[in-house]
Amino acid sequence: MPEGHTIHRLARDHTADLLGGPVRASSPQGRFEAGAALLDGGTLERIEAYGKHLFYRWSDDRVLHIHLGLFGKFHRNDPRPTSRVRLSRGDVTVEVTGPTDCSLGTSADRDRIVARLGPDPLRRDGRAERFVERAARSRRAIGLQLLDQSVVAGVGNVYRAEALFVHGIHPLRPGTSIADDELSALWETLRTMLRQGVRDNRIITVDPAVLGTTRRRLRRATWIYRQDQCLRCGTPVDRWDLSGRWAYACPRCQPT
DNA sequence: CGTATATGGATAC
DNA sequence: TATCCCTATACGT
């Protein structure tokens with residue numbers, strides 16, 4: 001399920017699966033039939049991840065844009081009748097169910113979407129300065145800013161909770177109250193966490209070795225996200241509705 | 001069987 | 001701020 005690490009991992013996996021020859025396209029569920037017909041038999045040139053967006057760039061300048069939203073999920077060699085679009089090359093099939101967005105456009109459409117996104121910590125062109133300058137001059141709560149994709153692209157509810165926890169920053173602190181150095185460090189933490197997420201293909205923000213276990217046997221993968229007690233100090237975790245999303249904080253480790 | 005929940009976002013007031 | 005969209009899964013009855 002999708003924060004930026006999922007999207008970048010999918011781009012990598014789908015590049016290996018789908019590039020290099022003609023691709024069959026269809027829409028089992030039917031809502032993307034016209035688009036699939038246009039793509040069927042075409043060749044993919046590049047699959048790009050930017051924040052939580054996936055762009056499948058075809059040789060004829062068509063771009064398939066997929067955003068998984070909250071419910072979207074890809075399936076590999078696991079056919080589902082509810083798939084919006086199914087792409088096959090050779091004996092590999094990937095298909096997506098429940099995407100928020102699945103649409104066909106051009107590279108200009110792709111550019112317009114990217115233009116409204118902030119820097120992506122997983123991309124080589126993701127510049128920390130852009131994030132720091134923007135976040136530092138806004139009085140908005142840092143917890144709200146981290147979920148704003150125009151401030152930083154690819155962070156979701158889990159990484160928000162975990163990165164702020166690691167830095168002892170309460171989600172309600174205004175951006176203006178946080179030093180530039182601290183925001184730079186926060187960016188680095190997000191980048192490290194997201195990269196680890198790409199490797200694991202899941203979110204693990206704690207160190208399994210410190211917990212005396214292995215990544216595979218890990219029973220608890222987060223410090224505070226969806227936890228009753230803080231993993232560091234045992235204090236009951238605060239959870240409240242912040243603009244429609246659950247926010248988490250340890251009242252002891254993250255003083256306001 | 002129903003109901004609640006989920007790592008997201010666009011759009012209408 | 002409220003409403004809607006998208007799907008799968010867990011859990012209670």
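Numbered from 1 within each chain, the chains take letters A, B, ... in sequence-line order. Quick caveat, the model's predicted, so the values are computed rather than measured.
- Atom P of nucleotide dT7(B) and atom CZ of R202(A) are separated by 16 Å, given to the nearest angstrom.
- Proximity of R226(A) to the phosphate of dA6(B): a side-chain N or O atom is located under 4.0 Å from OP1 or OP2.
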- Query: After noting the C-alpha distance and the side-chain angles of R57(A) and E48(A), does the key distance pass the salt bridge (Lys or Arg N to Asp or Glu O under 4.0 Å) rule?
  - Reply: CA-CA 8 Å; R57(A) 312 183 69 142; E48(A) 180 189 23; 3.4 Å; yes
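- Regarding D241(A), its CG atom lies at a distance of 12 Å from the C1' atom of dA2(C), rounded to whole Å.
- Remark: the S83(A) side chain and the H75(A) side chain contain no N/O donor-acceptor pair separated by less than 3.5 Å.
- At the phosphate of dC6(C), OP1 or OP2 sits under 4.0 Å from a side-chain N or O atom of R31(A).
- Spacing between atom NE2 of H67(A) and atom P of dT7(B) amounts to 14 Å, rounded to whole angstrom units.
- By the 5.5 Å and 30° criteria, F71(A) is not stacked with the base of dC6(C).
- One can place CG of L147(A) at 10 Å from C1' of dT7(B), the figure rounded to the nearest angstrom.
- With rounding to whole Å, E3(A) atom CD is found 9 Å from dG9(B) atom P.
- OP1 or OP2 of dA10(B) has not a single side-chain nitrogen or oxygen of T100(A) nearer than 4.0 Å.
- Contact check, Q29(A) against dC6(C): no side-chain N or O comes under 4.0 Å of OP1 or OP2.
- Within the 4.0 Å cut-off from OP1 or OP2 of dT7(B), not a single side-chain nitrogen or oxygen of Y159(A) is found.
- Donor-acceptor pairing under 3.5 Å is recorded for the side chains of S107(A) and D61(A).
- Counting to the nearest Å, the P atom of dC5(C) and the CZ atom of F32(A) are 21 Å from each other.
- dC13(B) is unpaired under the criterion used here, namely a Watson-Crick or G-U wobble arrangement in which both key atom distances are under 3.5 Å.
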